[in-house]
Amino acid sequence: MSILTRRRFVEIGSAAVAGITAKPIYSLGSDPEKSSPQLCPTAFSALPLGQIRPAGWLLRQLLIQAHGLSGHLDEFWASVGPESGWLGGSGESWERGPYFVDGLLPLAWQLDDEELKAKALRFVEWTLTHQAPSGMIGPASNDDWWPRIVMCKVLAQYHEATGDPRVITVLTRYFHYQLGALPERPLRDWGKFRWQDELLVVEWLYDRTGDDSLLHLARLLERQGYDWIEAFANFKHTGVTSGADVRAATARGDRSKAMETHGVNNGQALKTAAVRYRLFGDQANEHKNFNRQIATLDRCHGMPNGMFSCDEHLAGLDPTHGTELCTGVEPLESLEVALATFADASIGDRIEKIAFNALPGTFDDDMWSHQYDQQSNQILVGLNSKPWTTNGPESNLYGLEPNFGCCTANFHQGWPKFTSSLWMSSRDGGLVASLYAPCEVETAAAGQKISIRVETEYPFRQDVRIVLSPETPVRFPLRLRIPGWAHGATLRINGQQQAVDTSPMAFALIDRRWAPGDVIDLHLPMVPSVSRWFNHSLALMRGPLVFSLDPGQSWVKLRDRGLTADWQVYPLKAWNYALLVDERSAAQIEVVESQVGSKPFAANGTAVKLRLCGSRIDAWRSEDGVAAPVPNGIQSSSLPLETLDLVPYAAAKLRITAFPQLRPQTAKDSTHSTRLAPS
Ligand SMILES: [Zn+2]
């Protein structure tokens, strides 16, 4: 293409987007009823990036992440280093650059860290300034739609944080180009199974421009993409995926089985019903579709840590199967989208269960190493053979890139996007406390600036204090999520008990005139409870925290990896206990609280423990470094009854989470069990 022709093309491209006015930034999220007459409105909208800042333990956690791999990965891991194709180099040019920035960018803005912002902006700036004349973005060495989907999510967040108008222009030109190209070069492989992530950004852009061609693109993506709704209406993958079957089908050129059972694909697919609803309407039906997806994954592959098994493919109910880290962070984002779309408080419970347990549980305390696969029952981290469907023997090491580097690039979004979803706006001009963690919010409600401070040590404690500071008194509705486990929640405003409906699994609504300094005290009673899993095993929760037995951790370095290392972890004590507890006695378990430490989820100084009794079950052994299946049914033991302290799942880098239930044996035992008498 000659320079003249090329310039003319660019001018035409610019003309095509002229007249499109971006919505002002720092609006209260999107206002779909006004700006998107052809897209259905979500119930809530996430606040723009930058309005929510972490505080308290959450700030400490994000600083740990920033001082760990997230803040330094580009300095020694070539996949996101200076030779990245997303910086114009000849290095990795596929998903790793966009993955990295998708988490690094919100982390940088939430911490207001100039150095991290500069690292993230290098990728953003290269993308914005190297758009091809056709409208294509990204490295010219490949034309895969999939990695560009991730970069589109990055650009949307960057625009929310800065208002940079180039984002609107670049995304519009790219989507116009894709609309023309997709009929000839349709979605395939990862893009075909992850189209819903792009739809999210297409809808985001339509909210800001009202450009009708985006609706055509949205429908085309939906038509070409894999039909997740139909797949879950007639779900075929109900058991452990056979690695041999996957490999054989892939060798024949049939990737469908590998893609349909892929854990990360299934995690990203949890936003399908939400983005479809905006396009086609019928909220009740799409909410039902979402619920069916979650319930099906729980029924066939559910784990006590809030996740589903996938190592790398859907892996059934045995808690020794693994869950990939990418599948920890991708469902979090999907669920955050679904929570905003459907205003379903139970989705908030699931987000917290994953974010407070599975997410921190798969990193070392300093976030300098992570696993590829974590296990709910994980008695050894090493090189033994594993029960995985298709992953390699190194998958549960804590390290730089155990098994494969996707998680190394992708994990960064977990905590920052959780932080971005703590508060939302509602369509009636109000605000929503959607998830709980300490934070500070600078936003607007009913046309007024307002500051909010959330003071809490939730999920380790039961109380949340919210201090509201509007510039002048202003009336707006405020919704507070009441978790499903919080029976008897109470709510005080300025010390006065409120007659507000605080039923579990709903949003308590307070519509009143708020004055500067108003204080809300929300008490969410956290009572230990039992849930049942594989082979009738039991798992314990208190509030959003899952509890595990930690058999001690001996960390042995396997090898150095640049600024970090790969680690094996060996147990120091026995792990094969049955617990003397059941559904009726769980509420009486002794709860031991201590100070929330500088590393909130570290094993050293856990903020809360559950103290109860159990006995070893001699017959429950390990098989080549993996716990044998939990013995089925109530177990007898002739070994002494011991007092056990269970710690938060994330603190126990080795752990038993799904336990057999113990039958009381002797008169001596029954003394121990007066407090905890099972049925
Ligand atoms: Zn991964």
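Counting convention: from 1, in listed order, for ligands and their atoms alike. Everything numeric here is computed off the predicted structure, so don't read it as measured data.
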Novice: Please identify each residue that fulfils ring pair (Phe, Tyr, Trp, His ring centres under 6.0 Å) with His321, with sequence neighbours left out.
Specialist: none

Novice: Quick check with a 6.0 Å cut-off and a 45 degree axis cone: is Arg255 positioned over the face of Trp190's six-membered ring?
Specialist: yes

Novice: Can you see whether Asn265 engages Gln268 through a side-chain donor-acceptor pair at a distance of less than 3.5 angstrom?
Specialist: no

Novice: For Ala295, enumerate each residue passing the side chain to side chain contact (heavy atoms under 4.5 Å, CB included) test, keeping only those at least two apart in sequence or located in another chain.
Specialist: none

Novice: Mind checking side-chain hydrogen bond (donor to acceptor under 3.5 Å, both in side chains) for Gln178 and listing every partner two or more places apart, or none if nothing turns up?
Specialist: Glu198

Novice: Is the charged tip of Arg350 near the ring of Phe356: under 6.0 Å from the six-membered ring centre and within 45° of its axis?
Specialist: no

Novice: Hey, which protein N/O/S atoms does the Zn ion (ligand 1) have under 2.8 Å?
Specialist: Glu324 OE2, Cys326 SG, Cys406 SG, Cys407 SG

